[in-house]
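Scroll down for the structure; my scribbles are underneath it.
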Amino acid sequence: MSDGTIVRPYGDTTGDGMVQTSFTLPVPPGPRAEGAALQLANKMGIEPAMVVHSHGIGGGGGTAGEGAAFTFFVVYGSVRHLVDLAAVEVEERAYPLLSPTEVNAAIKTRLRRSLVVLGACIGTDAHTVGIDAILNLKGFAGEKGLEYYREMQVANLGAQVGVADLVRTARDRRADAVLVSQVVTQRDAHLRNTRELAGAFREAMGESRPLLVVGGPRFDPAMAAELGVDKVFGRGTTPGEVASYLVHALVPEEEQ
Amino acid sequence: MSDGTIVRPYGDTTGDGMVQTSFTLPVPPGPRAEGAALQLANKMGIEPAMVVHSHGIGGGGGTAGEGAAFTFFVVYGSVRHLVDLAAVEVEERAYPLLSPTEVNAAIKTRLRRSLVVLGACIGTDAHTVGIDAILNLKGFAGEKGLEYYREMQVANLGAQVGVADLVRTARDRRADAVLVSQVVTQRDAHLRNTRELAGAFREAMGESRPLLVVGGPRFDPAMAAELGVDKVFGRGTTPGEVASYLVHALVPEEEQ
Amino acid sequence: MSKLALDPVLATRARELAARAAAPVVELARAHTTVSVERAVLRLAGLTGTDPVTGDGPEQDRVPWVNRVVDAVRDQVGLESGVALPVWHALTSGTAHDLQELAEQVGAGTARFALPADPEPAREAARTAVATGIARIDANRARRDELVAGLGDPPRRPWIYLIVATGDIHEDIPQAQAAARAGADVIAVIRSTGQSLLDYVPEGATRTGYAGTYATQENFRLMRAALDDVSRELGRYVRLTNYASGLCMPEIAVLAGLERLDMMLNDAMYGILFRDINPRRTFVDQRFSRMVHARAGIVINTGEDNYLTTADAVDEAHTVTVSQLLNERLAHEAGLADWQLGLGHAFEIDPDRPESFRLELAHALLARGLFPDAPLKWMPPTKHMTGDVFRGYLLDGFFNLAGALTGQGILLVGMMTEAVVTPWLSDRDLALRNVRYVLGSAGNLAEDFHPQPGGFIDRRAHTVLAEAVDLLERIADHPQGLIQAIADGTFGITRRSPDGGKGLDGVVRLAEGAYNPALELLEGVRV
Amino acid sequence: MSKLALDPVLATRARELAARAAAPVVELARAHTTVSVERAVLRLAGLTGTDPVTGDGPEQDRVPWVNRVVDAVRDQVGLESGVALPVWHALTSGTAHDLQELAEQVGAGTARFALPADPEPAREAARTAVATGIARIDANRARRDELVAGLGDPPRRPWIYLIVATGDIHEDIPQAQAAARAGADVIAVIRSTGQSLLDYVPEGATRTGYAGTYATQENFRLMRAALDDVSRELGRYVRLTNYASGLCMPEIAVLAGLERLDMMLNDAMYGILFRDINPRRTFVDQRFSRMVHARAGIVINTGEDNYLTTADAVDEAHTVTVSQLLNERLAHEAGLADWQLGLGHAFEIDPDRPESFRLELAHALLARGLFPDAPLKWMPPTKHMTGDVFRGYLLDGFFNLAGALTGQGILLVGMMTEAVVTPWLSDRDLALRNVRYVLGSAGNLAEDFHPQPGGFIDRRAHTVLAEAVDLLERIADHPQGLIQAIADGTFGITRRSPDGGKGLDGVVRLAEGAYNPALELLEGVRV
Ligand code: B12
Ligand code: B12
Ligand SMILES: Cc1ncc(COP(=O)(O)O)c(C=O)c1O
Ligand SMILES: Cc1ncc(COP(=O)(O)O)c(C=O)c1O
């Protein structure tokens, strides 16, 4: 339905630009609050904007009405912004998606030794389901995890691993790649931790540091450079994507 | 929780600026679509923005996945915009809220004749519940409608009234105020119809036109001037507010 | 599946009373015709198109030939005998080769109409002409049966019914297809706000409706074709619905039959109450249109749900039951079978009211129990929907659950934006996801749902039935029956007098020897 | 209200097996102490504060005196006999007037500890000192009873349980009060991601937690006071919950008693499985903390719900039942009464799975039937929540309905943003609106909910119970019982060996004549 590279949000008619938004303002409910909500909506580019719902939060009385200090709003309207698809820099896969057999073959014939992969959840993050989904045999979304790949030597260090320990282990085991998961994002914990990770490896190993791959549901794949790591995977990543990337990044092209 | 006149949306910490938004783009699901969604979110001032959910719409297969032409997104993030409460021009009531007794008294003693009020739903809009809530005895939100006011002469013309007929009736009955409801807003029907209404009355009666009051759930009370009417009421209006306004606008101040 | 033991005596009594209350309406309908009924006859006979002279704007704004002809006949000889005799008299007496040419003569102002001394030739010719239209309706019905047999019906009850309403047929089509792919079994294209009050049916493919799309023969054709494509793609026959209501109810009914629509909103009172259309006009028109629907194998949907948008869903619950019984009666009289009666009711109780969900279950079970063979149309919350779309989405989920627990036949999918805008593409998609979750995860909860005899739900259902019978007694006792009840504001607390409202001038009392070939052919058969 | 007829033989058998499977754990717990248990003893005796020398950062980063003292004792004489004897020996022999002064000597490095030849005086003194702490706990319990009697309990079951998690106690407080005003009966302040692994309890009011707020005595005090205010305002006693888990479980339990917390998350296995804390450490700590909770009249919440985040909620449903039986056994052994057992379970079945809702009902009814007198803690969907917040809001509504239909005791309110962020103020408010709607409109639907004997729900519940008994047989047959089962990855498909994990070095086997005044006093009474 999009003509060319410029599109707008679609409510029920091409180009109507309709969006829904909701937010809370630290203002008691009332006309002033509604006006404030409209002001914000307009600043977001929603014009005309309709405050279609509002209610107080935190007031006395069971229903949180009276004397509420906050107001929650639902706003509908048309954003004037245009979306330029041409300007979208996509993290399209820059490498082919390989089957486990292909991955193993590539490593065996072109790297000629098994690929050493370390995985962990750093800091105080105890969410292992994500990294397990990538590493464990069981895998994710029907794809087997990296442990299933014959030519990979995978060690899953689990959760709450200190960065220092991780660096040490990586050096000892001559890891080719270190895979780190970060799920808790409150106060950008995941970004801080990732930067700390990158820093520590640079410190300790400089150029010879292993490939650094981080992942988690709230990461933006476009942030790798900014975070000082080689690759970032977001929500819904599958083991196959990761394996394919590792081959792409670590296994020399076959020279023809 | 707001310090001074500058506030920001509140997620779980003062000043975090957190908002939720959802919209559909006419782009098939995939990395490109996600990028497009982020671009739009950024243009709306949401930065950093997280595309926390997306799914295809309109594709084949029961679940509308495959080959979908549209993608629906849910985005969370922090808007950089500040809300300046000082800059909010509020439609605060510029008149006191009167009880029916006070309203009747004011009309009786100061206008010295009964106030003639006409109500209708114009154009092809058949939504009478709103205007009925304001006019009918039954009223709304526990407040009795204008028909209950002894000093008012109320005629409710119902729905689907042509503007021409309305002008004629208003002239014949020497209406002091004409109350019009507009509920259907698709393609801004309510705005168009209101402008037409104002135009017709200006045309036919010029300065001597009755007070024009419009209302409906999707009206922005700040738009009166722009629409060429005297007053606009939005969602949740109560009869008492309207009666009080009529007194304020039509009944001469008592001279002390 | 009936979960309530309704008092059979009370139920029978209710039906007897409904028959009595509806009798004056049937009498009235038999004794009159309307301009729209007569135009419908010409449409069945194949007259289409608009008079080019009546406007150089888009075709939809021009006056259709059927209007020009009926008006001309009315001017010259009146409609007391119907249009058929004067029109086919003109044709048989050779002033024009065919209807089209005759219409153009009307346009040119050269057509002259008269009542034939010997009506037989004209009757003959008229019957033959109209029979071609009826034949096409029959063919469409057969074609539908064939497609359903081949592609199959929806896998389960309730059928999932969804509305599109962009105002632009070319936006409606992709949205309808998207909805079908996402699981919709029935697509309804609602109409532009104004159409009900137009005394003609616009022509052509239209893109300029407000809050709905004009019902035109071409729009019907385009959408049905698009749904046929998607039906094949999905291996499931997707049904199409529109509205046989307003001043052109009979013509729309005919167009629906001619274009193979599958369901039509068609209520005996909706237009009167909510569009202020004259009661006599409506009663005459609804009878004719229902006879057409009966013939076309179309399922009608009645509009009791609407009452609960203006009246309280608990206080006035019994008026819904009364109206359902009256609609049933009038439908049977017009030849509709039980399987064609999508009687309406709705989930409109204030959600903040304690026990609101169980009250809804009681009302829904009452309808289910009273009309075991009708595919009840279960309407979602609308009046108490607000701009809080999260709450709305939850409420619609409970509406869906109530539909499953009480065995509703047609589930009109609720939209979280009900209080905000006409549905967006994404609203519809989210709404269908809601339905899929509820039916998939809890659809069989009915197995474990057993209202106790004498319990809250059982007691409530009986109260409503008893109140309905009381009200019917009062209505039936009045000589004018239903007509008086409407004047008294019984339904949707809206009063409508028999002589008020729009379109009364289009009603004509039939004279001796009046002839309507369509009625003759339709009354012949009983489905 | 029990809606299922569970096989009583099977149920009894399950409890016998649970007792056998738990026996090795109880033995182990009785034979050991831990650094945290010993620190808890000092806290009961009134030792507070931190060593200023251990950091000039915020107080929360400094080492508490209890840690300094216990470490010193361990260095000098070991912990095999507990800290009480050496510490009160030092005090009775006059090297310091009170604990505080002694602690400062430890700080200065001048304190000298030894085991007394005649333990009696030291025992005597220690018992008296610790009794003051216990007395304060008793007083708090009495005070709670008094407040509940005065202000009243929540009007209905389930109690509405809500989480705050800003990381900043000063943001938590207004949010908790807002939640209480909007209908929350219980407020839980979850902890900063890292706290579980800290081998000390931070001090002071803290503002810097991640995804949760540090559990400190001062934060407990501040929040309890704020909730007392709002309780008075609302005329309803609002309960406060925190987490007695991680490496400082015993100390947190003591602080909870000292500051009148009302409920504590306290599971026999959570720390082991989800924080990789050493099993021995956890088993010793949990027994002590449960004895404290028993005395304090605190309701514990167990963590079976967590298993379903790593294991499939249908395939592994029986492991939840097994864990509930083991938690019950260990709780009883530690002196907790049935009314104090908030056994955990959750609504974690993949919503796309056919019949998922009815499967949830079956599992919830099984727990309800097995533990009729326990206030079950019903946890909302988390694992299958996605960024589609609309779907999430709907799912939470059905979770609420399941809670009402199956008579759960404590309903942990689900958040539509579960998959996105820690709850926002508005999420919590919307979530409570969801609860109010569901309980208000359909809360009594239980009256009409009757799973058929031999029907889908009934069959499913029996299957799970049977699977649970099978599993318990296998566990009970192993000499190491539960300890071995954990090593085998029975729960949450997570393997933990008895010698692995964090905090093992803090476990000490008790010697002849070891003395713990707290245990002595707590074992005295049985609630
Ligand atoms: C399961 C779970 C838990 C379990 C974890 C069990 C375990 N062993 O992992 C338990 C119950 C222990 C738990 C505890 C807590 N949790 Co938790 N938990 C979740 C939950 C429900 C699901 C997460 C999950 O398993 N997703 C499934 C996996 C497969 O998806 P994924 O992690 O996104 O991984 C995929 C991709 O991201 C990617 N990926 C992820 N990592 C990596 C790494 C690499 C290298 C690559 C290539 C790819 C990759 O690939 C994976 C497959 O596609 C989420 C809510 C939700 N629905 O998301 C909350 C959630 C993550 N938890 C949260 C919190 C706050 C906690 C606690 C800290 C709360 C507390 N204070 O007590 C505790 C403490 C734990 C801690 N210190 O971290 C918050 C985080 C908020 C935020 N955004 O900051 C969430 C979002 C819930 C919430 N809304 O509050 N939690
Ligand atoms: C009830 C209803 C109907 C009833 C109307 C019955 C009647 N006699 O009024 C029926 C069933 C007939 C109906 C039909 C249609 N409806 Co309708 N209907 C609604 C519904 C469910 C509730 C409206 C309502 O009664 N609100 C309660 C009243 C009290 O609130 P209110 O109108 O906002 O009025 C308050 C204030 O706005 C203010 N106010 C209003 N008017 C005035 C005037 C003055 C002077 C003042 C001072 C104040 C004032 O004071 C009132 C009290 O506080 C809404 C959905 C919703 N939940 O809002 C859809 C809705 C309004 N309908 C809608 C549509 C499209 C239609 C149809 C056109 C659909 C169709 N194509 O068939 C039809 C045709 C009717 C037509 N031509 O207009 C859309 C409008 C979409 C849009 N924004 O453009 C809505 C929003 C539903 C939807 N999402 O699609 N509808
Ligand atoms: C029974 C019935 N007929 C007709 C309509 C609407 O059609 P119209 O376009 O005539 O307003 C409705 C609207 O919901 C209805 O319920
Ligand atoms: C039983 C139990 N204990 C403890 C916790 C979390 O506490 P911690 O801060 O130790 O991770 C949870 C988390 O949900 C839990 O369920």
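Lettering of chains follows the sequences in order, A, B, ..., and the numbering in each one begins at 1.
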Worksheet item: Taking all non-hydrogen atoms of both residues, which atom of C:Tyr393 and which atom of D:Phe390 are closest, and how far apart?
Response: CD2-O, 3.1 Å
Fill in: Shortest non-hydrogen separation from D:Phe398 to C:Gly397 and the atoms involved
CZ-O, 3.9 Å
Fill in: All ring pair (Phe, Tyr, Trp, His ring centres under 6.0 Å) counterparts of C:His345, not counting sequence neighbours
C:Trp378
Separation of [Y] [atom2] from [X] [atom1] (nearest 0.5 Å):
X: C:Phe357; Y: D:Asn444; atom1: CZ; atom2: CG; result: 12.5 Å
X: D:His450; Y: C:Glu447; atom1: NE2; atom2: CD; result: 13.5 Å
X: C:Leu394; Y: D:Tyr437; atom1: CG; atom2: OH; result: 6.5 Å
X: C:Gln452; Y: D:Asp448; atom1: CD; atom2: CG; result: 7.0 Å
X: D:Ser441; Y: C:Glu360; atom1: OG; atom2: CD; result: 9.5 Å

Worksheet item: Which region of C:Leu439, side chain (C-beta onward) or backbone (N, CA, C, O), has a non-hydrogen atom less than 4.5 Å from a non-hydrogen atom of chain D, or is it both or neither?
Response: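 Neither part, no heavy atoms under 4.5 Å.
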Worksheet, complete the sentence: Honestly, the part of C:Leu401 sitting under 4.5 Å from a heavy atom of chain D is side chain
Worksheet item: Between D:Leu361 and chain C, which part of the residue has a heavy atom less than 4.5 Å away: side chain, backbone, both or neither?
Response: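 Side chain only.
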Discussion item. Between D:Asp388 and C:Leu430, is the side chain to side chain contact (heavy atoms under 4.5 Å, CB included) condition met? List the steps.
Written reply: CA-CA 10 Å; D:Asp388 180 346; C:Leu430 287 170; 3.9 Å; yes
